[in-house]
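Single-structure report; data block below.
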Amino acid sequence: MTGPAAGTHRRATVLVVDDQAMIRAGIRGILQTVDDLEVVGEAADGEAGVQMCVALRPDVVLMDLRMPVLDGTAAVRAIRARPDLAGTRVLVLTTFDDDPDVLGAVQAGADGFLSKVAEPSELVEAMRRVASGGVSLSQTAARAVVQHVARVPAPQPVDPDVERRVASLTPRERTIVEHAAAGLDNLQIARELHISPHTVKTHLGHAMSKLDVRDRTQMVVLAFRAGLAERG
């Protein structure tokens, strides 16, 4: 298993934070098989993870949710509170795909979520996606975010600036945002609209830029608030 462009790009550096030594060793072993991801440090609790993050400035932190001293959600929040770590991405790792703490971690600023029972190839793909600036949410995690946002009353009236940003979307971009707000991933959207996943990704990138949001989660929140998605 190697990177798609082995030897042509700088490796993305990774910090693994998990209280189980076997999990850390397993992740390190998996990432050692690819050319574009490099584990530069490990920590056994959230507090140590934040300290190592400050010292190492990794591109991606793979963060467990359930840990002693400082849990994953609090650690994510601590990382997001530091301007000097603005470039560090966080992929949350947990034992259960339906963990209720997933929503808290996403709200704290996590860039993705992955179950510990995921296949090695899924871990690598999620790491690459997050390292490149994307968001990686499992279908269950995405559904939890969507369901939470759908229960939050939309502000009335909608902010004129939000209306202006939404109005700047092309019909295709608007349709894709609506599908994303319904919890569909890029591949599912591509199948629904009979276009390629690459085209979906391109349109989403343009939409997020026009909507002035940094990630898919913020885009979904704005979509609900602007009435682009059904609530309930």
Side-chain angles (χ1 to χ4, degrees), residues 4-5 9 12 36 59-60 76 80 86-92 97 102-114 122 124-232:
H9 298 290
D36 53 344
D59 296 309
V60 182
V76 172
R80 285 289 172 258
T88 295
R89 312 279 290 173
V90 182
L91 179 62
V92 168
D97 196 48
V102 168
L103 178 60
V106 172
Q107 290 176 318
D111 299 290
F113 164 87
L114 190 70
E122 293 179 282
V124 172
E125 179 59 30
M127 294 292 292
R128 286 172 174 161
R129 188 178 301 119
V130 169
S132 64
V135 176
S136 180
L137 286 175
S138 71
Q139 191 63 28
T140 300
R143 190 178 302 115
V145 174
V146 169
Q147 289 175 345
H148 170 76
V149 174
R151 291 193 297 267
V152 179
Q156 296 293 335
V158 177
D159 187 330
D161 182 57
V162 171
E163 290 185 328
R164 177 188 58 76
R165 284 182 273 162
V166 170
S168 72
L169 298 176
T170 66
R172 176 62 89 185
E173 290 166 353
R174 185 184 181 105
T175 298
I176 290 176
V177 169
E178 290 170 351
H179 279 69
L184 276 65
D185 61 28
N186 287 8
L187 184 57
Q188 291 170 322
I189 295 173
R191 289 171 177 167
E192 284 284 325
L193 301 180
H194 306 291
I195 57 180
S196 73
H198 176 74
T199 299
V200 173
K201 181 179 180 181
T202 298
H203 282 305
L204 280 175
H206 291 161
M208 285 191 280
S209 178
K210 291 179 180 180
L211 295 174
D212 193 24
V213 294
R214 80 174 184 88
D215 58 38
R216 197 185 192 99
T217 303
Q218 288 187 350
M219 181 184 69
V220 169
V221 171
L222 187 147
F224 273 98
R225 291 176 176 169
L228 291 180
E230 293 184 1
R231 313 182 74 85

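Along the sequence shown, residues carry numbers from 1.
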If I compare all heavy atoms of [X] with all of [Y], which pair ends up nearest, and what's the gap?
X	Y	value
V177	A207	CG2-CB, 3.7 Å
R174	V166	NH1-CG1, 3.5 Å
A12	D59	CA-OD2, 3.2 Å
A190	S196	CB-C, 3.8 Å
L204	A180	CD2-CB, 4.4 Å
V130	R89	O-NE, 3.0 Å

Taking the side chain as every heavy atom from C-beta outward, state whether [X] and [Y] have any pair of such atoms under 4.5 Å apart.
X	Y	result
L169	L211	yes
H203	E173	yes
T170	K210	yes
R80	V90	yes
L193	I176	yes

### Task
Look at atom NZ of K201 and say whether more than 12 heavy atoms of other residues, nucleotides or ligands are closer to it than 6.0 Å.
no

### Summary
Value for CZ (R172) from CD1 (I195), rounded to nearest 0.5 Å, stands at 4.5 Å

### Query
Roughly how far, to the nearest 0.5 Å, is CD of E125 from CD of E122?
10.0 Å

### T202 side chain to H198 backbone, donor-acceptor under 3.5 Å
yes

